[in-house]
Each structure stands twice: as C-alpha cells, then as structure tokens.
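The chains referred to below are lettered A, B, ... by the order of the sequence lines, with proteins before strands, and numbering in each begins at 1. These values consider heavy atoms only, across backbone and side chains, with no hydrogens, waters or symmetry-generated copies.
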Amino acid sequence: MATARTPSKGTQAQDPSAILEVENLTLRLGGKPILQDIQLRIAAGELLLLIGPSGSGKSTLLRAVAGLETVTSGRISLLGTQLDDGAGNSVRPERRRMAMVFQDHALWPHLRVIENVALVIPGRDSQKQAMALLERMGIAALAQRRPHQISGGQRQRVGLARALAVEPALVLMDEPLSSLDVELREQLRMEILRWLQELGISALVVSHDPDDFWRLAHRVVALAHGKVVQVGSPKQLFQEPAIPWIARFTGALGPLPALSQGGYLYLGPLKLPFPGGDASPREGVVYYRPEGLRVAGQSQGTSPGVSARLLYQTFERGQFRGYWQVPGIAEPMISLGQEPCPPAATLLVDLAQIFFFSKQHLEEL
Amino acid sequence: MPGSAAKFWGSRTRLVNVLRTWLRSLPVWLIVGLFFLYPLGRFLLLPIFPQWAPSTSVQLGWPRDTWQALGNSVGLALTSALLAAILGTLWAWAMERRSSRWHSVGELLLWLIFLMPSYLLTTGWEIVFAAPWLRDGWLYHQFYSTVGIVALLTLKALPFAVFVVRPLWAALGHDLTDVMRVFAIQPRRALVVFLRLAIPVASAALVVSFIESVQEFGIPATLGAHLHLPILTYSIYGALSSSPLNFVGAARLALLLVALALLGGLGQILLQRRFGAVLVHGQTRHRLPPPTQGGEGWILASLNLSLGLLALLLPLGAITHAALGGGWVALRQSSWGPIFHSLAFALLAASLAVLLAWLFARNLQAGGIGGRAMDVFSMGNMAIPGLVLGAAYIMAFNLPGFSLYGGSLLLILAYTAATAPMLTRLLQAPLAQLDRGLSDAARIHGLSPWIRWLDIEAVLLSRPLVRGWLLAFGSVMFELPVSELLYPAGKTPLGVEVLALNNGEHFAAASRLALGGLVSVALVTVLTLLLLRLFLPDYRLRLAQ
C-alpha cells in the first residue's frame, strides 16, 4: 500500500517532483470553451481543493485529469509522466492508475462490498487484500452485503476503500461528502484526512461545501468561468478573496454599491481609508464580514464608524446578529457580537474585513 | 518541437482519433446498411426503378382495388384510433388521477392484449360466432362486417393509447386541475380548461393508435379475408402471393402504407409544436391520488370486466374449448410441427435481435452524429411494418447466384430485423439510466474493457435484456406477415399454419396449435424468469440516499 503505482505509459514531463501537473489546459466541448489555460500542481501528500460557482468547470477538470474528457490543448502529467499532451495523445483512463471517489458512490450495485473492492485489485490475492483494507477502515463486517443493504456513509467508506485499493498516486474526489448528512460528513472528512495522510496519497477534491474548505484543504484552487482565479491556502483566500464568489464562500456579506476614489472607499455615508485605490473614481461593490462590523463600545481600536438604527436581532451559536438600518445604504448591514445590540448605535468597520471589487474587475471576469 | 509542427501533428492525431471512432461504429452501420437500408431501399424504390424487380414479377401497375384498399385502411384505422384514443385517454386519466385496486387488473389486461396476436383474437371470436345459437343473429352480422373489424382494431390499439397517454397525464400533474378547484372556477370554464389539457394528450393517443391500426395485418388477414374487404396490408400480401406476382404494385402499396405512418408521425410532431407547452409542463409532484368518487368505481370495474371478457376470456376460452373439445385423441393426433419450427426460429431470432438491439442502443447512447442517426433509424424503422420488411427481403436476398430465399436463415434474419428496432428503443431507457459513474469508476480503477462489459454492463442490464428477449421471443413465436412471405417449405411457422387452418374454418385444429403455442411461450417465459431469479444477484440500481 505504501508505494504508489505509476501510469503505464506516456512520455516524461518537465517537473518530475510534482505528483500532478496541469499546464495550460484548455478544454472545449461542442466548440464552447469549458476550461481555459488551467495551471495546477499537486505536491506529494497534498490535498488540493477545487472550488468555484456552479458551471465553473470543477467537475470537468476532474474528469479531464481522470482521462474521461479529451483535452483540447495543454498538458497533464502524473509523477513526471505525461498523460495527455493536448494533441490527441492521451493515456486511457484505465491505464492512468488513478482512483476516484464519486459523489453518489458509484458502487457496482450487483456486487458485494468485498467484490466491489476486490475487482479493482489485480492478482490472486485480491479478496485477501480487499478484506485487509475493509478491516483497516472498520467495515469488514459489511463485506458480504450489497450496496443497497448499507447506509450512505458506509457506501462512501466502501467507495474510499475501492479507491485506496488501487494504490494510486492520486485520488480524485468529486464532492465525496455532499450526499451525506452533516454529522456523517464531519466524521468521514476526518477519516479521509487520516487515511490519505497515513498512506501518503495526494488528492484532488471538488467541493462546494465551505466546511471542506476550512477543514479538509491544504491548498485551494478557485475556478470561475473555466479559469483559475485564485490559488492559495484557505487563510489566503479568506484574507484576500479575488472574486466576490470567494468572499461570499468564505463568509462575507454583500454586495453593497460603493465608490473608490483618491485613496478612499465611499460606502453610503461611510468614508473608509482605501490605500490601494486609484485616484480616479471607480464604481464597484463591497463585501464585508459581519464579524468585522462592531457596535461601538464592543470593539477595540479606532475603526471608522457610522450611526445606525437596529431593525432586529437574532441569537445564533452564542453570538448576537444585529440587522442595522444605515442611512444611505439600501440593504440592512449585519453585525456579529458577544453582547446584545442597543436600539441605536455607531457601527465600526474593521478595514481588514471589507473587500472592494471594482466594476471593471467584475467585467474582466 | 516547433509550434507549427506540433499543430500539424496535433490535428493529425485528432483526425486519427475521429477515424478510429468512426471505424469502431462501422460494423453497426454495415449491419444497418445490409439488413435494413439496402433491402428496404431496393423494394420501396421499385416504382421508380421497375427493372430491379425479379424476372418472375410480370405486372408493373397498381394492384386491383388499390384505392378501395387505401380508403378502407384509412377509414377503419381512423375510426378505431378515434375510439381507442377516447377510451385510452379517459382510462389513463383514471389510472393517474384515481387510486383503485382495479388499476393493477387493468394494467395486466392491457399487457395481455398488447401481447396477444391479433389473429388469435379474431380466431377466438370466429369460434364464438360459429356457435349455432349465435349464427346468423344480429351480433353475428355485426361481427362479420366492418363493425367487427373496427371493434377488434380498437381492442388491439387500446394498450398503445393507454401506454402513450399515461405518462403524459403523469407529467401534467394534479396541480393544473387542482388549482381550478382552489380558485373555484365555474364548472363550464373548468371543463374548457380540462379539455384544452386533454385534447393534446388524446391526440397523441390518436396518432399512435392510427399508426398501429393501419399497419395491422392479422385482422385483415383473417376477418378481412373472410369479408373479401380490400385492406392495404392484406393487398400487399396478395400482390406478392398470388400469381402473377406484382412486386412493383406491392412496393406502391407499401409506399402508401409507409406514407400513412409517416403522416401520423408528422401529425404527432405538429401536435407537439402546437401543444408542446402543455405536454411538457412536467412540474409534477407525485402524490397518492384520491380514491374513486361516486360511480367512478363502478365504471372502472365494468370497464375492466368487459374488456377482460371481450379481449381475453371469451376468445381464449373459445380457443381452449375448441382445442380440448376433441379430447386426448385429437391432441395426440394433432401435428405440432409448426410449434417446434417457431420455437427454434424464435429462440435464434430473439437472441440475435437482443444482441443487435444492444449494439444499436449503445450506439444511440454514444450521442454525436452517429447517435442521432441511430435515433432516426430506429424510430423510422418502427414505421416500417413487418410485411414491408418481409417483401423487401424476398427481393434483396434473392439474387441470381446468391439466394437465401426459401431458407430458414432468411426468415430468421427478417425476424431479427423486424424486432431489433423495437428492442433498441426498449433498451434505450435502461442504458440511459445506467449511472455513467459506474462505468467511469470501472475505467478509472483500471478494469479492462472485457471485464467492464461482462462483469458490469451485462449483469446490470440483464433484466431489461431478458425482458427484451422474452418480448422478441413471444413476438416471433406468433409472427405472421414476415412468416407468410418468407417461410421455408416444410418448416411452416405457427402463425402461418394457424391462419391457414382458420381460413379453412378448421377451428379446432387452429385452436390446438394456438393453445400449444401459448403454453410453449408461457413455459419458456416462466423458465427464463426462474433462471434469472436463481442466477442473478439481488441488487438495486437506484440507491436511496
């Protein structure tokens, strides 16, 4: 299990140190560009998370890496071996020696649990090896059952066991936890991390679940409109979201119309210092994090503030969520704090938790 | 490698890939060309190229009574389609909108009528009316008239009407009619709205019933022949079976028949365009329909009972009575040869047809130009009646120096070709429902194509494949038009023999054979289903999340 198998054929790629390397990948389906100029690199033992809005090309990219979609141009290499040169020379999926965990498990319904795992293991010992794997994952008792006789979480464990049975260099996961309930998701997320770490296997995971972003990913690649818009750690994407979708995905609220001019950001009656802004006026939108909006007296430091009237408040997970009417801003602004909100207050804005996206920037996307 | 050279090699490799894909589907298209396009083209183009006709065919003109046959065919088919559409639409509505224990009986009845060969239905009723106390009565004269033909055609078209309409009612959902009640719309206006929903639904049933009725051969060959009433399908057979042979005339009639089916298809397309928005409403939320109200329960019960009586109990009872009437001696002295011939033909043809249909359905599923072409081909081929295919095969494979005509092989090939398009459509849905992930998982995890095909696809599709095989087997066992035209001497199939005995009014002998055939089909079906249950693991394709 410790040694990863290598793909069976293909020419040598440029960077043999990377587990997976995707260079300038473009993919068109029916003449329509689905993926454009994708660059991707996964290091040994790394879990790379692919996020992005619906239709951004996440699953297509995963299928292209698996060899299920034909790449129009660009290159894909695994362990330094070229799998696809973008010119029609492509190693077939069954020869790439990858593994995949599917959203809906994709277990073969007519086979027992042990057969589902053993079928992908070559050689006479396949049943024995499959059983050892099931034991390791704590599902040996289910070996003789068929997929419809076990629960969703157990099915996904079998799917994972089948993937690991291939001894792959890279596991692909297409929203592996999305069909499970919240509690099971958390449990299996931890197990996936543990197993991948123990076996030293890298993973490319597609997800639309913010919890996967925080708790599963070593690094994140964000896609939008078939292009990579940001690559970095979850912390980097949280601190500097490149597009509004990432800001929202990481918990920011908005959009609120705003204007940037002469080093300031104008948001309704608020005039906020904006050092990176141009001298010329730029229209755009602002996203802010509710934890960056504090009621005066509750915050530390000297943040810019604005008078606001409380519309209503709710209590959520140990914090008070205040909905504020701010003159000049059509939508209510939301604050998050430890103390109950007064009927009227000055709201203070944490500049690190507010993000401006100019109209021009949005149009370029 | 310089950029331009890479581009050149890249486009060359892509071209090779495209060619490889085409080559992979080449065998399928060779089969289509050789066994469908070539024979049908050669036969249907005879009016333009009469020199293609065999030298034995001396007549070139329109057969006698052509226009009368056309008029009769259209009139009979339209009347029965109208009746089947009205009845079918209302029955399907009841099945979707009311819960009743009679629905399961109704479904079984419809399937049995669908599977029952039409000439057996006629034979059964002819035996009933041969009873001395019914002979020469009012009912007897009604049966031996166009009324009888319309009634039998309606019975045979009814399952098609219900099968087509039921999913349309299901797709329309309850909400559209419930909303009228919620907003307390006046009964008269509610009726108008209901009719606007029902008319496009009923029209779909009308078109399908019309195509089915106009292509019907068994009823014209039995009751129609007794009445000497010219009907298109039987006239085609007449042109090819009576001396002098008239291939060109038969082709002209066949073209008329195909044109009528295509007109029906065109009508369906126009209806879809006109009422498409209604037919594809599809915002359904399935819930249990309310129980029958007022007299609805009684109406449903009497509908099921009278249909069961008219379409199954009486004719099959009459056949059974006539078959067993001669006692054990008659049964022992009967000639069972035709049953064994048909059994052999059906076993071979059904197996070939299922394999071919699987190949076609895979091609259809692959999409692209090839998939679309296969879609058009399999749909279009269903508009070609077996009779036309049989006639085409006589010509196409009866060449100087290479003749399959008069041999069992040609008959089996024609049976295969006649059933494969229907099976292709039947397999299309299970193939489409087969989760793409199952096959992707097999590829990604390194399973070879052979293992993928044998261990995954074949097993998962075994139920629809076996169901398709049984359907093809039953159809071929009682097949009539192709058998009439192509059966080899000394190997008379069941349908041909039953019809010959029926037309000679040897009802007891015809009934013995028919009953023997039904028992054989039932035995093979039970045995096959038992084997399937014994050897196929218990699994579910769709897993509850």
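Contact detail for B:Ala441 and A:Ala106: the closest heavy-atom pair is CB-O, 4.0 Å. When all heavy atoms of B:Gly446 and A:Arg97 are compared, the pair lying nearest together is CA-NH1, 3.9 Å.
Under the rule for a ring-ring contact (aromatic ring centres under 6.0 Å, His included), the partners of B:Phe360 that lie at least two apart in sequence or sit in another chain are B:Phe377. By the ring-ring contact (aromatic ring centres under 6.0 Å, His included) test, B:Trp29 is found to be paired with no residue, residues two or more places apart in sequence or in another chain being considered.
Interface remark: A:Arg63 contributes side-chain atoms only to the contact with chain B (heavy atom separation under 4.5 Å). Residue contact with chain B, scored on non-hydrogen atoms closer than 4.5 Å, is absent for A:Leu172.
Atom CG in A:Leu62 sits 7.5 Å away from atom CD1 in B:Ile444 (nearest 0.5 Å). One distance of note links CG of A:Leu119 with CZ of B:Arg452; it measures 11.5 Å at 0.5 Å rounding. Atoms CD1 and CD, on B:Ile451 and A:Glu94 in that order, are 11.0 Å from each other to the nearest 0.5 Å.
Using a 4.5 Å heavy-atom cutoff, the side chains of A:Trp108 and B:Val459 are not in contact. At least one side-chain heavy atom of B:Leu438 sits less than 4.5 Å from a side-chain heavy atom of A:Pro109.
Under the 3.5 Å distance criterion, the side-chain polar atoms of B:His445 are left unmatched by any main-chain donor or acceptor of A:Val117.
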